[in-house]
Every structure is written in C-alpha cells, then in structure tokens.
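Structure, as structure tokens:
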Amino acid sequence: MTDTLLEIDHLSVDYETARGDLKALRDITFDIRKGEIVGIVGESGCGKSTLISSILRLTAPNTRFREGEVRFKGQDLLKASERQMRDLRGADISIVFQDPMQTHNPVLSIGQQMVDIQHRSKASKAEKLDRAAKMLGAVGIPDAQARLKQFPHEFSGGMRQRIAIAMALMSEPDLLIADEPTTALDATLEVQIIERLQELQSELHCAILFISHHLGVIAELCDRVVVMYAGAVVESGDVREIFHDPKHPYTRRLIDCDPGHIKERARVLPTIPGEVPDLANLPGGCIFRDRCDQAMPRCANEVPPLEQLREGHHAACWLNHEEVAS
Amino acid sequence: MLNFAIRRFGLALLILFVAVTVMFLMIRAVPGDPVQIMLGPRATPELQARLTAELALDQPIWRQLVIFYTNLVQGDLGIDVFSGRSVTEIVFQQLPHTLWLILAAITWSAALGIGIGAYAAAHPNTLIDRITAAISVSFVAAPAFVVALLSLLIFAVHLQWFPAIGAGEGFWGRLNHLVLPAFAIGLSWVGYIARLVRASMLEVMGENHVRTARAFGINERRVVLVYALRIAILPVVTVIGVGMGFLLSSAVFAEIVFARPGLGKLVIDSITTRNYPIVMGSVLISTALFVISTALADLINAWLDPRARAAK
C-alpha cells in the first residue's frame with residue numbers, strides 16, 4: 001500500500017526492572033494510512049503509552065526494543081539516529097499529551113513556548129508570534145494575541161489542552177498522536193475539543209492516532225480501532241464493524257462496560273472481573289483467559305494468533321476458530 | 001511585580017523591626033552593669049554616672065527603646081565609648097570589605113556549583129556524575145576555617161601566588177586580596193549548591209513539560225538550560241538568600257585568618273573590649289543584610305517564576 005503512513009510491525013518492547021523484564025508490548029502490528037484516524041482502546045497499563053513513546057522514541061532509559069520495526073513513510077524509526085528523530089518530532093509527527101495541567105513549561109509564557117517550537121522556521125519572532133496567535137484562534141481561544149503574553153497557570157485545563165492541540169498542529173504534521181487528550185477534562189469540554197479536533201483534521205488532512213479509554217469518543221471520531229490488552233493487540237478493524245460485531249470477548253466486555261452503552265438503569269455498573277496479568281511473569285496460553293467467561297481448555301495451552309477474519313478485521317481468539325471449524 | 005516588591009520589602013522591614021527589638025531587649029537583659037564593665041573597676045562614680053546618662057541607661061526600658069529607634073531612623077547608632085567616633089561611621093567603614101568578600105564568595109560558588117550540578121543532572125549515573133558527587137560532598141564537609149588556614153599556607157606562604165593578609169589597595173590589589181578568603185568561605189557552598197541543583201534538576205527533567213519540549217524537537221541544550229534549569233534554579237536562589245547569613249558568620253573566620261578589615265573582625269574586637277555600641281551596631285547591620293538578602297532572593301524568584309508573582 002502506497003498510502004501507508006505509519007506501520008507498526010511485530011513490535012516487542014520490554015522494560016528492564018529489578019523484578020525482571022516487563023513485557024510491555026508484545027508483537028504489536030497495525031498501520032495508519034494517510035489522513036486516517038485510528039483509535040487505540042484498552043485499560044490502564046495495557047501498553048498504550050509505551051506504544052506512543054516508542055513511536056517518538058521518547059522512552060525511559062530502561063526500555064529495550066526487542067523485536068520489530070516502527071516504519072514512518074518507510075523509514076524504520078527504531079534504527080534512526082537521534083538527530084533524525086529530532087527532525088521528525090514536532091514536525092512530521094506531533095503529540096498532544098494526556099495531562100494539560102502539566103504539559104506546558106510553567107515559567108515561560110505561552111507565546112515564548114509557541115515561538116520555541118517553530119525553531120525550524122526562518123521567520124522573524126514577530127511572524128512566529130502572529131502564527132501562534134492564528135493557531136490559538138483556530139482552536140477557539142479568544143483574544144489570542146493578548147493571551148500569548150500569559151503563562152500556563154493563567155489558563156484553565158480546557159484552554160491549556162486547546163493550546164496543546166494548537167502547538168501540535170502548528171507544523172501541519174502528517175501524524176498527530178493524541179494521548180487521552182480529553183481524559184482529564186469535563187464531559188462538556190471533551191465534546192467541544194473532539195469537535196474542534198475533527199474540524200482541524202478535515203482541514204489539515206493529517207492522520208491521527210487517538211488513544212482513549214472512552215469508547216464513545218473513539219466511535220465518534222475514528223475510522224479504525226485497535227483494541228489492546230496487556231501489551232498485545234487482541235482485535236483491530238473498522239470502527240463500525242468492531243462495535244457492532246466484536247470478535248474478541250475482551251472487546252465485547254469493554255463495550256458492555258461503557259457507560260454510554262448501558263441502556264437501563266443498572267443497580268451495579270458492569271465491570272470485567274479480575275486483573276490484568278503480571279507483565280513480568282506472563283502466563284502461557286491466552287492472556288485474557290483468566291477473565292474470560294468463554295475460556296476453553298485450548299486457551300490455557302496455546303496463544304491465539306492475531307488472524308484476519310474479514311478484510312481489515314483481525315482478532316486473536318480461539319472462539320473464532322471454533323466457528324470456522326464447526 | 002512592583003506590587004510584589006513593595007509588599008515583600010514591607011515584610012522585610014517588619015521582620016527587621018521585630019529582630020532588632022528582640023536583640024535590644026536581650027542585650028539589656030544580660031546581667032551586670034555595662035557601664036561598670038566598660039569603664040573598669042577603677043572608674044570614678046562621676047564618670048560612671050556620666051556614661052550612664054549618655055547611654056540613657058538611667059531611663060525606663062521602653063524609653064530606652066524609643067530613644068534607640070529615634071536615633072536609628074536618623075542613622076545614628078550611638079558613639080564609640082573609646083574613640084568618641086560615631087558608630088555608624090565605623091561600621092560603614094568596615095561594611096564594604098565584608099560585603100565584597102561575601103559577594104565574591106557567593107558569585108564564584110554559585111556559578112561553579114550550578115554548572116557542576118546541571119552537568120551532573122544531564123548525565124546522571126555516569127562516571128563524571130559520580131566524581132562530581134564525591135568532590136561536592138568533600139567540599140561540603142570542609143569547614144571554612146580549615147580551608148582558610150590551608151589555602152593561606154599553600155597559596156600564600158609556599159607558592160606565594162596571592163597575598164596573605166590585609167585588604168589591598170586599588171581595584172586589582174583588592175581583587176587579589178579577595179581571592180583566598182573568598183575561596184575559603186565559598187568552597188563548601190560549591191558542593192552544597194552542586195548537590196542541590198543536581199537533585200532539583202533531576203526532578204524537573206522528569207516533569208511532563210520537559211517531555212513536551214523534547215516531543216517538539218527542541219534541542220537538548222535549550223531543553224536543559226532554559227526549560228529545566230530556570231525552574232531548577234528556584235530553590236537554589238532561596239537557599240543562597242538564606243545562606244548570606246551563614247556566609248556572614250564564616251566571613252568572621254576569614255577576616256581573622258587573613259587579618260582583613262571587615263564587620264566580623266570589628267565585632268570580635270569590640271566584644272573583647274566590651275564596646276557595646278559597636279557590637280550592637282554591627283549586629284544590627286548584619287541582621288539588616290540578612291533580611292535584605294532573603295527579600296532579594298524572593299524577588300528574584302518572583303521574577304523567574306510567574307506563579308510566585310501571582311500567589312502573593
């Protein structure tokens with residue numbers, strides 16, 4: 001495929017710790033095409049953050065890339081030099097981080113920070129400030145020119161996240177990574193910011209890798225979705241197909257647990273019982289086995305491979321094999 | 001910012017007033033008649049009565065305090081009992097020597113300490129980090145008077161690179177005379193500031209906004225020197241402000257070892273001769289120096305950190 005932008009190819013990442021190697025990511029494979037919005041869902045600790053820091057190579061020092069490749073426009077980022085990576089960051093690939101309250105430097109003005117990130121541009125400082133003000137206006141910050149002089153603590157959380165989005169889109173990147181950009185915000189702000197993001201995306205035609213555990217937002221925004229569990233992809237495919245016909249029990253349970261999906265007034269909110277397995281000491285067989293209500297003897301012995309069930313729809317579960325067999 | 005400065009200096013004045021009043025009362029509470037001690041056992045009753053009246057010691061304590069403050073706001077710290085000269089004049093004659101010594105010491109130790117600390121934090125757990133850690137700790141552990149004596153012995157007596165005693169004449173002469181005493185009292189501060197900056201830097205470098213700066217491809221030098229150091233420096237400024245008080249006391253050692261004129265030497269000399277007006281005057285000026293330097297540190301912090309400006 002020529003329009004593929006980012007390919008994650010059999011990526012395995014460990015963290016070296018005193019307890020032994022933490023297998024944070026195992027055999028992750030998926031891709032993002034140009035201008036496409038791909039969502040990643042999963043519980044906390046499923047490896048979402050490791051995945052995005054691996055793409056930008058902003059990982060902790062104890063990170064080990066065991067296997068696989070991260071190809072951006074055909075170039076393997078894991079083999080790129082630090083210099084090449086720095087040229088990509090904030091230029092071709094931008095990121096919006098999770099916590100808007102901590103994401104900006106507290107002692108530099110917003111204007112200064114927005115000028116600094118244009119360090120590749122040869123424009124004068126005044127021109128850069130103008131561009132910054134335009135970007136702030138585009139994400140819905142009123143009176144942007146005057147507010148450039150202000151410091152992060154003078155903005156609300158929602159404003160700060162808008163600023164973060166403005167900063168990320170300033171270079172008109174090919175890929176925007178959004179790491180739970182609305183998790184720390186109120187529900188009403190969340191809708192506003194998602195809508196703004198959609199508008200800007202259709203203007204700039206950048207691809208977005210959108211990480212969230214809010215299924216409603218994913219369904220609203222994304223073209224395709226990747227479901228991760230305990231450091232592995234358990235299902236991926238077209239967003240409608242996955243929501244209407246999930247092929248992995250974990251995906252099904254996630255959808256059942258989403259508050260937006262619960263129709264009747266429930267006495268107890270549904271949950272998935274059990275815990276994510278210990279990544280330093282993974283059990284054999286299927287990783288979801290202990291929490292799965294449809295587990296079979298086979299699940300304890302063999303790891304189900306991620307297989308294509310239909311065009312573009314992959315799942316890793318033996319149940320699908322039973323169906324095919326019978 | 002101006003508002004903050006006015007309020008901060010108002011607070012400094014209040015602190016100074018409380019500190020000086022407490023000091024005044026404490027000196028009066030010391031047992032023994034100061035007049036008798038100053039004049040010695042053979043003084044005539046007439047002489048004693050005259051000095052008592054001169055020092056206003058025959059007045060009730062609150063009146064003494066009022067007289068003291070009335071004189072103080074007019075810049076009058078009293079009269080030296082022995083020479084008859086104004087205490088203000090004597091103290092302000094000695095003050096510049098001590099001020100220069102402290103400034104020289106804090107400047108070189110802060111510059112070097114911040115450099116070492118920032119470098120170590122940018123390369124944590126490397127060999128250089130460990131070496132600077134060992135050096136820093138040994139600097140901190142070296143007492144100023146030992147360093148003063150040793151550096152005097154090595155650099156002034158044996159190598160004869162720098163003069164051993166006095167304050168020197170002319171700009172270069174004074175600077176030359178400053179080197180060894182400033183080195184002696186600044187050395188432990190190099191280690192202390194280096195450790196402080198390293199710890200503070202490592203904390204800031206782990207914060208999310210540094211990750212953001214890196215994610216935008218801002219070069220590492222700028223990330224370390226502007227995005228991180230400007231925040232990491234804040235606690236150091238406070239520590240230096242308070243540290244001026246400690247430097248004042250180590251300046252006493254240096255002034256004695258290097259036979260330099262200065263506030264410290266003045267205090268020691270006047271204590272041995274029980275020259276109370278001078279002791280009182282010098283201590284008051286030292287207190288003022290300390291209060292001013294902490295207020296200045298807060299001002300610098302407010303200038304560096306917009307959050308501090310807003311909070312107060």
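The sequence lines fix the lettering, A, B, ..., with proteins before strands; numbering per chain opens at 1.
Contacts of A:Arg57 with chain B are absent, with no heavy-atom separation under 4.5 Å from either backbone or side chain. In this structure, chain B has a heavy atom under 4.5 Å from the side chain of A:His153, while its backbone stays farther away. Heavy atoms of A:Gln113 lying under 4.5 Å from chain B belong to its backbone as well as its side chain. The parts of A:Met167 that come within reach of chain B are both its backbone and its side chain, each placing non-hydrogen atoms under 4.5 angstrom from that chain.
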Given the rule in the side chain to side chain contact (heavy atoms under 4.5 Å, CB included) test, do A:Thr59 and A:Ser54 qualify, once you have shown the distances and angles that lead to the verdict? CA-CA 6 Å; A:Thr59 42; A:Ser54 299; 4.0 Å; yes
Any chance you could lay out the side chain to side chain contact (heavy atoms under 4.5 Å, CB included) test for B:Leu229 and B:Val224, step after step, and finish with the verdict? CA-CA 6 Å; B:Leu229 191 58; B:Val224 171; 5.6 Å; no
Mind running side chain to side chain contact (heavy atoms under 4.5 Å, CB included) on A:Ile211 and A:Gln98 for me, showing each step along the way? CA-CA 9 Å; A:Ile211 290 140; A:Gln98 184 171 359; over 6 Å; no
Side chain to side chain contact (heavy atoms under 4.5 Å, CB included) between A:Leu77 and A:Phe65, intermediate numbers included: CA-CA 11 Å; A:Leu77 298 186; A:Phe65 298 107; over 6 Å; no
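Interface residues of residues 243-253 of chain B toward chain A, defined by a heavy-atom distance below 4.5 Å: none.
B:Tyr192 OH: 12 or fewer foreign heavy atoms inside a 6.0 Å radius.
Chosen from A:Ile117, A:Leu58, A:Asp116, A:Leu88, the residue pairing most often with chain B at heavy-atom distances under 4.5 Å is A:Asp116. Taking chain B as the reference chain and counting heavy-atom pairs below 4.5 Å, the highest number among A:Val96, A:Asp99, A:Val107, A:Leu56 is found for A:Val107.
The pair A:Asp87-A:Arg83 meets the salt-bridge criterion, with a side-chain N (NZ, NE, NH1 or NH2) lying under 4.0 Å from an Asp/Glu carboxylate O. By the 4.0 Å N-to-carboxylate-O rule, A:Lys122 lies too far from A:Glu127 to be salt-bridged with it.
Residue A:Leu209 is tested with A:Ile37, A:Leu5, A:Leu176, A:Ile55 for a side-chain contact (heavy atoms from CB on, under 4.5 Å); the sole match is A:Ile55.
Remark: the backbone N or O of B:Asn208 is not paired with any side-chain donor or acceptor of A:Gln102 at under 3.5 angstrom.
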